[in-house]
Protein chains: 2
Amino acid sequence: MMINIAEAAQFLLKNDKFLLLCHISPDGDTVGSATALARALKAKGKQVMIKCGDKLTKDYDFLFSGLDMPEFEPEHIVAVDVADNKLLGTEFNALYGDKVELCIDHHTSNVLYAENVCLEPDSASAAEIVYYVILEMGVEITPIIATCLFTGVSTDTGCFRFVNTTVRTFEIAAKLAEKGADTFKVVQTFFETKTKSYAALERMALADMRFYFSERCAVICITRDMYEKTGSDETETARIANLTRQVEGVLVGVLMKEQKDGSFKISLRTNGDVDASEICGRLGGGGHAGAAACTINAPKQKAMNMVLKEIEAEIDSVRID
Amino acid sequence: MMINIAEAAQFLLKNDKFLLLCHISPDGDTVGSATALARALKAKGKQVMIKCGDKLTKDYDFLFSGLDMPEFEPEHIVAVDVADNKLLGTEFNALYGDKVELCIDHHTSNVLYAENVCLEPDSASAAEIVYYVILEMGVEITPIIATCLFTGVSTDTGCFRFVNTTVRTFEIAAKLAEKGADTFKVVQTFFETKTKSYAALERMALADMRFYFSERCAVICITRDMYEKTGSDETETARIANLTRQVEGVLVGVLMKEQKDGSFKISLRTNGDVDASEICGRLGGGGHAGAAACTINAPKQKAMNMVLKEIEAEIDSVRID
C-alpha cells in the first residue's frame, strides 16, 4: 500500500523495536537516512537497530557517533532508500525480504516489496523524505540529525550538481545548515577526499584513457592487476565512470572493469543524446539513456571491440556541432 | 566610505550611464555579479556596460545572452568583486582605478580604493550581496538574473563545498532556483566539464605527481612543454592546485608552474595544519595559512629542492595521526 509522510510518521510513532535496513553497496543516502531516522526514533524512546548487507567503510563512522544501538529482537522492519528487496543482500533478503512493513524511498524503480511504501519519486534523495517524516514525528532536528540528513541530501545529488537537484533540495539544505549540520565535514568526507588507493587508481585510469570516433567516445579499462598495484578495489570505481563523460566533446564514456572470472563489466555514461541503454541492451544488459551497464565474457581487446562496435552504430546518428 | 546595501541600491537608482568593472583572471563571481547587476540596471532603464581587463572565455557567453550593451561615455564607475584597483588590470586601473564610485565586494583584503564600498566579508560571494542590492532596487529577479547570480554563488563556494558556504548561501541558492535559475547549466559548465586540453593536462599532471615525507607532501610540476603537448595554458591550472591536497594524508600540496622566463611559480595548498604562508614567506612570497604562493627563479630540480626543504622544516612539527 502506498502511504504518505504523515502515515509513515504515525506508523513509526505507534510502534517500537525497529530494525532499519540499508541497501547493499551502501551510499550516503541510505546510511544518512537510516542514522537520522534511528536518532529520531530514539528521541521518542524507541529501541532501534541499523543493519546493512555490506560492511560500511570508516567514512560513515561519524554518522553513528553517540548512536547507541544494543541488539534486541526486532518487531518492525523498515527499509530506507531500498528500491528492491534483493538490494538488502542475500542474507537480509532471506531473513527480512518479505517482512518489510515500511519502505521509505525515492526510486521510480521501487518494486513495491514492502507492506507500506512511502515513495516520492520527485525527491532527489530518500533523506529529503526522511526530513519531512522526522518533522511530522515532532522530533527536534538536532545538529547530528541534520548532519546525517545533509549527507543523504548532498551525496545523492553529487553535491547539488545532478539534474535531480530541485528548489526543495536547496531549501532543505538551508534548513539543515541552520539546524547545525556540519556541511563542511560531510562534503570534505564524501567529495573532497580521495583515499591513497583511489588516487593511485584514478591516476592509472586517466593515464590509460583512450579516445575513439573523433574523440566522441572515451574508454577507461580497469584490470585486476591495477587493483593489485594500487591497493584499490571495485568498491572505489564509482567515481571513475564519470571521468570519461566529463571531457568536453565526449558523448559516450565507457568504463570497463575486469571481474574475478576474467569477464568485463561495462558501464556506459552519456549526456542522454546517445542512448546508453540501447547499446547495453544489445550486449545483454540494460539501464537508462544516460547510464547503463552490461557484462561481456571475453578477453579485454575482444570485449572492447564488441562495445565500440555497438557505440559506433549509435554515435553516428548524433549530429556533430 | 563604507555603505550598506540600501545605500548602494540608492546610488544605483539615482544615477545613470554605468560602467561595471570585473577583476582580471575573471571568475564566475565577478562575471555573474556584473551581468546580474547590468540586467537589473537595464530593467530600471539605465545605460550600462561591462568591461574586464582580461578576455572572457566562451564559458561565460550564456551569462551575456540577450544583454544588449552598446558603447557610451560612462559617468559612473562600479567595481564588483574587485578587492584592489590593481586587479582591474593595467589599462583599466590607469583609466578608472581612482574613479570607482562604488565597489561591491566580499574580500576582507579590500584595499578600500573606491569612494563608496559596500563590503560584506561574511558573504561567500559578491553575488550574494548583489542579490540583496537587486532586491533593494525593487527589480524582479528574472530567470536569467537568477542564473547569473547562481553562477557567482556556486562558483565562489566550489559548488557549496568550501568552508565559506553558509546557511544564507543555501537560502539564496534556493531562492534563485525558485526564480528559475538554470542551476544545472551553471554547474555543468563550471564544474562538470573539462576542456580537452585541460583533461589532457590533468592526466599528465596526475601521472607525474610525486610524494615526499611519508606521503604527507604531494608535488605536481607543470612545465612549458606540457602546455605545448596538451594545447592547454596557465589559465587552466587553477583546478590542478587542489588535486594534490585532495589525496588522503597529504598535508601540503605543491603546484609548480614553469613561467615563460624559466622561473617557477609555486602554489601551496594545506588543510591549515601546516602554515603555507610561513613556507612561502621564507621564499619571498606570501598568502594565507591554507593557500600561499611564491616565485623561485631556478631550474626545476633546484626550485623543487628549495620548496621541499622549507616544507620539511614545517611538516615535521605536525603530529602524525
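Per-residue counts of heavy-atom pairs under 4.5 Å with chain A were compared for B:E178, B:E171, B:Q188, B:E192; the largest is that of B:E192. By number of non-hydrogen pairs under 4.5 angstrom with chain B, the leading residue of A:A177, A:G158, A:S154 is A:A177.
Salt bridge present: B:K58 and A:E248 bring a charged side-chain N and a carboxylate O closer than 4.0 Å. Looking at A:E120 and A:R168, a side-chain N of the basic residue comes within less than 4.0 Å of a carboxylate O on the acidic one, giving a salt bridge. Electrostatic pairing of A:E234 and A:K257 counts as a salt bridge here, judged by a charged N lying under 4.0 Å from a carboxylate O.
Interface remark: B:R245 contributes side-chain atoms only to the contact with chain A (heavy atom separation under 4.5 Å). Contact of A:V187 with chain B is made through the side chain alone, with heavy-atom distances under 4.5 Å. The parts of A:F170 that come within reach of chain B are both its backbone and its side chain, each placing non-hydrogen atoms under 4.5 angstrom from that chain.
A side-chain donor-acceptor contact under 3.5 Å links A:S33 to the backbone of A:A127.
Contacts of residues 196-205 of chain A with chain B at a heavy-atom distance below 4.5 Å involve A:K196, A:A199, A:E202, A:R203, listed in sequence order.
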Legend entry - From CA spacing to verdict: salt bridge (charged side-chain N to carboxylate O under 4.0 Å, His left out), B:E215, B:R210: CA-CA 9 Å; B:E215 307 205 328; B:R210 308 276 169 93; over 6 Å; no

Legend entry - Audit row: A:T169, A:E128, side-chain contact (heavy atoms from CB on, under 4.5 Å) steps and yes/no: CA-CA 7 Å; A:T169 309; A:E128 287 190 18; 2.7 Å; yes

Inset, instruction - Would you sort out whether B:F213 and B:L308 count as a side-chain contact (heavy atoms from CB on, under 4.5 Å), showing the intermediate values? - result: CA-CA 9 Å; B:F213 313 131; B:L308 289 175; 4.0 Å; yes

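For A:K175 and A:Y131, the positive end is not near the middle of the six-membered ring at less than 6.0 Å and at most 45° from its axis.
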